[in-house]
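First up is the structure itself, then whatever we jot down about it.
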Amino acid sequence: MDEEYDVIVLGTGLKECILSGLLSVNGLKVLHMDRNDYYGGESTSLYLSQLWKRFRGSDNPPDHLGSSKEYNVDMIPKFMMANGTLVRVLIHTNVTKYLSFKAVDGSFVYNKGKIHKVPANDVEALKSPLMGLFEKRRARKFFIYVQDYDENDPKSHEGMDLNHVTAKELISKYGLDDNTIDFIGHALALHLDDKYLTQPAMDFVKRMKGGSPYIYPLYGLGELPQGFARLSAVYGGTYMLNKPECKVEFDESGKVIGVTSEGETAKCKKVVCDPSYLPDKVKTVGKVNRAICIMSHPIPNTHDSPSVQVILPQKQLGRKSDMYLFCCSYSHNVAPKGKYIAFVTTEAETDNPQEELKPGIDLLGPVDEIFFDSYDRYEPTNQHDDDSCFISTSYDATTHFETTVTDVIAMYSRITGKELDLSVDLSAASAAEE
């Protein structure tokens, strides 16, 4: 422990593990510590007995639910977009070789009290019951515009500069109604609220062009932090789990100088951590309410999909924030055969998760077991130039990783002073390991 490190990373949540891997690849000397004896921090996956202990106080779940070890229940459940940034990071770092992925069966949206498949292109738009006949024609033209749009080909712009035209102005050119805008903005472009309507349309169109199917690792997301931990180790990173306390030490000017655990101090130039390690340098910015449900059937009206997300746009519920359903099952090896794990999650607007999550829970049908949970969301308040501490933000309620990876990439730039170049091939990593 008496060595000196460029960076000490505290906590093995997904964000911290990705950063630990990327910083090690970047040539920095990294020590990674966690006060827990397991990987994953907030974003860990639990066996059924661990889930029972956490929410019910005993580690004896009923036998009828099947073997505890066949469950991997993600505490921060999210899908990956197949062409999203996280997948690019996985490919860039070669962490893909530690994981197996399988496509998610469907993406759905809640509209006027019913669940509908999200149309991803002009052909699906024409078949979708989400829209009437005339609206379908308008939507089809809009989808074709988005699919044909090429930043470098002015002919495809139809006279609009998307860096100046707002999303609202672009949409109004096609005369789309509020319901259509709702599912396009929230279920396809994955905007968290309606602020995007007043911003330049370029980001909105790029998100829609993604139209990417989702993927999810076999055995759940608990595999991800461990994959990045292995990457870090290949590049010389050191890991220590089960280190109590992990107290960050500062000099008289307030700059970080090291981390103390069990009477020993490891010196470092920078500390990267989740909010729980430096509670006096973060503020609460919100709260997430969620229900974790174990079921013996898929979510009704989703074509019996064993894995699926359903987005319930805020306007459909008369709320300020969207609600998300996430369901996975034995098809991704996270539950025994015939069992499904569904999560209903939203940014908390009340102190009553049961009541607040009811619109989502009502869509699930009969539930074998249900657990309610709330957690606070934190953001850093410190100036990293002054104290050399880099603190991640808490995970939000969304069912996908885009906001998570945006935070990681911004943190990487702040820590290293350079942009993360995802085009570089790291095949040397495999060579180093073999």
Side-chain angles (χ1 to χ4, degrees), residues 78-79 81-84 104-147 149 166-199 201 203-214 299-303 305 307-327 344-347 359-360 362-363 396-400 402-403:
K78 292 181 187 291
F79 291 131
M81 295 175 75
N83 61 2
V104 171
D105 298 285
S107 191
F108 292 77
V109 65
Y110 177 79
N111 186 275
K112 296 181 183 163
K114 289 193 172 142
I115 293 178
H116 301 277
K117 185 172 189 316
V118 176
N121 54 41
D122 59 313
V123 178
E124 288 189 5
L126 279 176
K127 294 182 187 159
S128 174
L130 279 163
M131 299 170 280
L133 183 62
F134 295 111
E135 183 68 2
K136 280 180 180 174
R137 288 180 186 160
R138 292 190 286 267
R140 179 171 182 264
K141 284 182 182 158
F142 174 69
F143 275 108
I144 289 172
Y145 172 79
V146 168
Q147 281 155 16
Y149 183 85
T166 65
K168 190 171 193 166
E169 288 165 337
L170 171 65
I171 290 166
S172 64
K173 183 180 170 189
Y174 292 90
L176 301 180
D177 73 23
D178 284 350
N179 262 319
T180 307
I181 296 168
D182 221 19
F183 80 73
I184 285 177
H186 291 255
L188 260 182
L190 301 175
H191 287 289
L192 304 186
D193 51 40
D194 285 342
K195 289 194 196 114
Y196 76 93
L197 287 166
T198 56
Q199 291 161 354
D203 177 51
F204 168 61
V205 166
K206 280 184 174 168
R207 283 169 173 242
M208 281 197 64
K209 278 181 88 66
S212 122
Y214 293 87
I299 297 179
N301 306 311
T302 60
H303 312 325
S305 303
S307 57
V308 66
Q309 76 162 349
V310 184
I311 294 179
L312 289 71
Q314 56 208 35
K315 278 191 188 141
Q316 299 289 327
L317 305 172
R319 292 171 48 81
K320 295 191 206 69
S321 35
D322 294 353
M323 193 173 291
Y324 302 89
L325 301 190
F326 171 108
C327 180
V344 185
T345 317
T346 192
E347 185 66 22
D362 286 350
L363 298 174
D396 61 23
T398 58
T399 47
H400 51 81
E402 295 309 287
T403 50

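Summarising the geometry, atom OH belonging to Y196 is positioned 11.5 Å from atom CG belonging to D203; distances are rounded to the nearest 0.5 Å. We find the OG-CZ distance between S305 and F108 to be 4.5 Å, quoted to the nearest 0.5 Å. Here OG1 of T180 is found 3.5 Å from CD of E135. Values are rounded to the nearest 0.5 Å. One finds the NZ atom of K206 at 8.0 Å from the OH atom of Y149 (value rounded to the nearest 0.5 Å). In this structure, CD1 on I311 lies 9.0 Å from OG1 on T398, to the nearest 0.5 angstrom. One finds the CD1 atom of I171 at 8.5 Å from the OG1 atom of T166 (value rounded to the nearest 0.5 Å).
The closest donor-acceptor contact from the side chain of K141 to the backbone of Y174 lies at 3.5 Å or more, if one exists at all. In this structure, K78 contributes its side chain and D396 its backbone to a donor-acceptor pair below 3.5 Å.
Side-chain atoms of L317 and Y110, non-hydrogen and from C-beta on, do get closer than 4.5 Å to each other. Between L363 and L325 there is a side-chain heavy-atom pair separated by less than 4.5 Å. P129 has its side chain within reach of H116: a pair of non-hydrogen atoms, C-beta onward, lies under 4.5 Å apart. V310 is not listed as a side-chain neighbour of Y324, based on a closest heavy-atom distance of 4.5 Å or more. The closest side-chain heavy-atom distance from V308 to S107 is not below 4.5 Å. V109 has its side chain out of reach of K117: every pair of non-hydrogen atoms, C-beta onward, lies at least 4.5 Å apart. Between M131 and F183 there is a side-chain heavy-atom pair separated by less than 4.5 Å.
The aromatic rings of F204 and F142 lie parallel to each other, their planes meeting at an angle below 30°, with 60° marking the opposite boundary.
The two residues R138 and G175 have their closest heavy-atom pair at NE-O, 3.3 Å. The shortest heavy-atom contact between L170 and A201 is CD2-CB, 4.0 Å. Of all non-hydrogen atoms in T302 and I115, the two that sit nearest each other are CG2-CG2, 4.2 Å. Counting all heavy atoms, side chain and backbone alike, S307 lies closest to D105 at OG-OD2, 2.7 Å. Taking both residues in full, the closest heavy atoms of E402 and M81 are given as CG-SD, 3.4 Å, listed atom of the first, atom of the second, then distance. Counting all heavy atoms, side chain and backbone alike, S321 lies closest to R319 at O-NE, 3.2 Å.
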Residues Q309, Y214; criterion side-chain hydrogen bond (donor to acceptor under 3.5 Å, both in side chains); working and verdict: CA-CA 9 Å; Q309 76 162 349; Y214 293 87; 2.9 Å; yes

D182 and N111: CA distance, side-chain angles, deciding distance, side-chain hydrogen bond (donor to acceptor under 3.5 Å, both in side chains) verdict: CA-CA 9 Å; D182 221 19; N111 186 275; 5.5 Å; no

Check against side-chain contact (heavy atoms from CB on, under 4.5 Å), M323 and T345: CA-CA 6 Å; M323 193 173 291; T345 317; over 6 Å; no

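Within 6.0 Å of atom NZ in K173, more than 12 heavy atoms from other residues, nucleotides or ligands are found, so the atom counts as buried in its surroundings. Within 6.0 Å of NZ on K168 lie no more than 12 heavy atoms contributed by other residues, nucleotides or ligands.
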Without placing hydrogens or testing angles, list every side-chain donor-acceptor pair under 3.5 Å for residues 184-193, not counting sequence neighbours.
| residue | atom | partner | partner atom | Å |
| --- | --- | --- | --- | --- |
| H186 | ND1 | H191 | O | 3.4 |
| H186 | ND1 | D322 | OD1 | 3.0 |
| H186 | ND1 | D322 | OD2 | 2.6 |
| H186 | NE2 | D194 | OD1 | 2.8 |
| D193 | OD1 | K195 | N | 3.1 |
| D193 | OD2 | K195 | NZ | 3.3 |

